[in-house]
Amino acid sequence: MKKFKQLLVPAVIILMGAGAAFATNAAKDSNSDLVTGYYIDSSTSQCIAADKQCSRSGTNACTWEDNNKLSHDLYELSGTSCVLMLFEPEP
């Protein structure tokens, strides 16, 4: 019985570590980094929500086209201002 307990404790610790590693990878792979993009209305200087989800990191700027076919760079809303540029989500 003593030998069984000596083997059981390390096995449980290894299984818990492996489970935690898989859970961490799953959280990283999810789209939790996606946020709603906002554009700055040039006439009012207000942040307007665009119907597009963007990423906080990346290389290509996240853009959105309005009904007038005007393209807008999208930003993350921070309080009442839009200052943090957003990027196109990675596939």
Side-chain angles (χ1 to χ4, degrees):
M1 186 68 165
K2 187 175 182 180
K3 203 163 192 115
F4 176 72
K5 286 183 183 179
Q6 287 176 338
L7 292 174
L8 183 65
V9 171
V12 168
I13 291 172
I14 289 171
L15 289 173
M16 287 173 55
F22 283 118
T24 301
N25 274 346
K28 285 181 185 176
D29 291 341
S30 73
N31 288 334
S32 61
D33 188 37
L34 294 181
V35 294
T36 300
Y38 290 79
Y39 67 94
I40 302 170
D41 185 343
S42 59
S43 62
T44 63
S45 297
Q46 290 185 334
C47 299
I48 309 295
D51 189 23
K52 186 169 181 182
Q53 296 289 305
C54 302
S55 176
R56 291 183 177 114
S57 61
T59 54
N60 297 326
C62 192
T63 58
W64 177 76
E65 197 173 89
D66 65 16
N67 293 337
N68 298 326
K69 303 295 182 194
L70 295 174
S71 181
H72 302 277
D73 288 336
L74 296 180
Y75 300 88
E76 183 175 3
L77 184 65
S78 178
T80 59
S81 61
C82 302
V83 292
L84 302 171
M85 184 167 228
L86 295 173
F87 302 92
E88 291 292 338
E90 297 292 325

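- Within the structure, no pair that satisfies the salt bridge (charged side-chain N to carboxylate O under 4.0 Å, His left out) test touches residues 36-45, not counting sequence neighbours.
- With sequence neighbours excluded, the residues satisfying side-chain contact (heavy atoms from CB on, under 4.5 Å) with S71 are T63.
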Using side chain to side chain contact (heavy atoms under 4.5 Å, CB included), reason through R56 and L84 one step at a time and then give a plain yes or no. CA-CA 8 Å; R56 291 183 177 114; L84 302 171; over 6 Å; no

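- For S42, the side-chain contact (heavy atoms from CB on, under 4.5 Å) test picks out no residue, with sequence neighbours left out.
- Summarising the geometry, atom CD belonging to E90 is positioned 7.5 Å from atom CG belonging to N60; distances are rounded to the nearest 0.5 Å.
- The only option from V35, I40, V83 that meets the side chain to side chain contact (heavy atoms under 4.5 Å, CB included) definition with Y75 turns out to be I40.
- Here the CG atom belonging to L86 is positioned 6.0 Å from the SG atom belonging to C62, to the nearest 0.5 angstrom.
- In this structure Y39 satisfies the ring-ring contact (aromatic ring centres under 6.0 Å, His included) test together with W64, H72, sequence neighbours excluded.
- Atom-to-atom distance recorded for T36:OG1 and E76:CD is 9.5 Å, nearest 0.5 angstrom.
- For the pair D66 (side chain) and N68 (backbone), a donor-acceptor distance under 3.5 Å is present.
- Checked against side-chain contact (heavy atoms from CB on, under 4.5 Å), L77 has the following partners two or more places apart in sequence or in another chain: Y38, C47, C82.
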Please determine whether side chain to side chain donor-acceptor pair (under 3.5 Å) holds for the pair S55 and E88, giving the CA-CA distance in whole Å, both sets of side-chain angles, and the decisive distance to 0.1 Å. CA-CA 6 Å; S55 176; E88 291 292 338; over 6 Å; no

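- Applying the side-chain hydrogen bond (donor to acceptor under 3.5 Å, both in side chains) test to E65 and every residue at least two apart in sequence or in another chain returns nothing.
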